[in-house]
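Everything on this sheet refers to the single structure shown next.
In each ligand, atom 1 is the first atom listed, and ligand 1 is the first ligand listed. Hydrogens, waters and symmetry mates play no part in the numbers below; they use all other heavy atoms, side chains included.
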Amino acid sequence: MSTVRPIPTTGTRFTRAAAWVVGLLLTFAVLPAAVHPTEARADNPIVQHVYTADPSPLVHNGRVYLYTGHDEDGSTSSFVMKDWRVWSSADMVNWTDHGSPLSLNTFSWAADNAWAGQAVERGGKFYWYVPVTVRGTGQFAIGVAVADSPTGPFRDALGHPLVENTEIDPTVFIDDDGQAYLYWGNPNLWYVKLNADMTSYAGSPTRIPLTTAGFGTRTDNPDRPTLYEEGPWVYKRGGLYYIVYAAKCCQEFIAYSTAPSPTGPWTYRGTVMPAQGNSFTNHPGIVDFKGNSYFFYHNGALPGGGGFTRSVAVERFSYNADGTIPVINMTNSGAPQADTLNPYVRQEAETLAWGSGIETEWTSDGGMNVGWIDNGDYIKVKGVAFGPGASSFTARVASASAGGTVELRLGSPSGTVVGRCGVPNTGGWQTWTTVTCPVGGAAGTQDLYLRFTGGSGYLLNMNWWQFTPGTS
Ligand code: FUB
């Protein structure tokens, strides 16, 4: 299933290919700004147990849902992308893994290349627009999947592509008057007005003029005189329309343009994020959430990361008073926590700020569980509001081995132990039981570490956990 991104056929073959070689060299030449999952590290990139790419955030009912692509492990020379992933958070720091409710298999007509998409909500339904290559032709087209919940399951809304013109990276914007627009493209930039059903459109796709006034001047590629490359993200703020996009190639940076209407005319406004981060691509997504603005992007910062093994990260930012976007740099710390986490309601084990050594999977117990846990692995849950104190800890666990111990530590993986819960062999990795143990000394707002200890091999799986308030 390994593919390389096709080189556009419209007279750009040499320069685009050359740019890709530069991108590949960059992937291998730049020393990885490796994120080592130790206690000294903060919480960017936001997912550590799989590689993620091409972020698309959506705010819904007090949570931000993050739709991403998924780079398969170990790919070093081409994109290997077969499915998309969903994550969500109430605080921008602790992210819940909702698995993969959309894959190439969802579209019977799709062959390969689960590339950059965007999900939007309308009328209680969730529409996820994605580019894939089409079975038979091998050309890119844009499909649309629909679901009744932000986490899916998603189904093919049409049974065929929505738009098919060999170009990629759909983004959808719904204006205040209810008119929805689909934008996409590389090497061109297109838009079409979507009908209210969100799965059909009126008229024909329109090519947006890529002028240097609108999209900046590129000097190193005669076939692409403007900076626009791919990955558009369109939104409106204070009456001004913004299009943020990957610019130049390769290494891409993030640039933006603004316009007085959703169809232009666009004016180039400059850099949002410089070329950084050990990946020759980047991809923007912007939302407001709980009173702040957030910029999502991707880089190659995790161990093993690079141009084909990317990871989504987030930064908080503030618009300048005139509505311009400041230059945003990649950080290892990421966005500040927007809210505390309540330990006295059930929390999914796959809700975490940082995971070391763990993986996730679908569980017969409902939802997802954390698994593949070895001795010394841990989960960090940031900003846990214990208040006056907790008296006990309960977890839903399973084990087909000798089991292990869940150590509850504060502040770091080697921090103060406030409880220890033994997990027995339950008879299988999906044979679930509930264990409870006393807790002492957990008060105030703390970073909680669930650290797993035991013998060799996998120790246990965990589906969810919950503390009980009080003093033990
Ligand atoms: O992830 C595959 C492609 O790389 C996306 O479609 C582009 O936006 C770039 O990030």
Side-chain angles (χ1 to χ4, degrees), residues 1-8 16 19-20 22-24 26-27 45 47 50-57 66-72 75-85 102-104 110-119 128-133 139-143 163 165-172 182-190 224 227-234 243-256 272-273 275-286 295-301 305-313 330:
M1 293 279 278
S2 170
T3 60
V4 291
R5 180 156 54 176
I7 297 163
R16 184 72 169 153
W20 268 69
V22 171
L24 281 171
L26 185 78
T27 294
V47 175
V50 294
Y51 293 113
T52 52
D54 302 325
S56 158
L66 177 62
Y67 300 81
T68 72
H70 171 209
D71 285 337
E72 296 287 338
S75 179
T76 55
S77 58
S78 63
F79 292 120
V80 183
M81 306 180 76
K82 301 172 183 170
D83 61 1
W84 296 266
R85 298 277 172 140
L102 181 67
S103 77
L104 291 171
D112 205 347
N113 298 309
W115 284 16
Q118 183 179 357
W128 197 345
Y129 301 82
V130 290
V132 293
T133 43
Q139 299 288 337
F140 268 103
I142 289 163
V163 181
N165 74 349
T166 77
E167 299 204 33
I168 59 172
D169 288 5
T171 181
V172 169
L182 172 74
Y183 304 78
W184 76 101
N186 175 351
N188 300 294
L189 177 57
W190 302 84
R224 294 191 183 221
L227 294 170
Y228 177 80
E229 180 74 15
E230 60 185 358
W233 179 266
V234 177
I243 183 166
V244 187
Y245 47 90
K248 220 174 159 188
C249 176
C250 293
Q251 190 177 16
E252 294 175 343
F253 70 100
I254 303 296
Y256 78 114
V272 175
M273 175 169 274
Q276 306 174 333
N278 194 31
S279 163
F280 63 91
T281 64
N282 198 350
H283 195 101
I286 292 181
F295 179 75
F296 290 81
Y297 59 96
H298 68 222
N299 60 26
F308 303 109
T309 42
R310 300 161 291 177
S311 293
V312 168
M330 300 182 183

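- Considering backbone and side-chain atoms together, N282 places no N or O closer than 3.5 Å to any N or O of ligand 1.
- Ligand 1 places these atoms under 4.0 Å from at least one heavy atom of H283: 8 (O).
- Atom numbering of ligand 1 starts at 1 in the shown order; those under 4.0 Å from a heavy atom of M81 are 1 (O), 2 (C).
- Less than 6.0 angstrom separates the ring centroid of F140 from the ring centroid of W115.
- When the side chain to side chain donor-acceptor pair (under 3.5 Å) test is applied to E167, the partners found at least two apart in sequence or on another chain are N188, W190.
- Put simply, the residue from Y228, Y256, Y297 that forms a ring-ring contact (aromatic ring centres under 6.0 Å, His included) with Y245 is Y228.
- Applying the side chain to side chain donor-acceptor pair (under 3.5 Å) criterion to N299, with sequence neighbours excluded, gives no partner residue.
- Of the polar atoms of A116, at least one N or O is found under 3.5 Å from an N or O of ligand 1, judged by distance alone.
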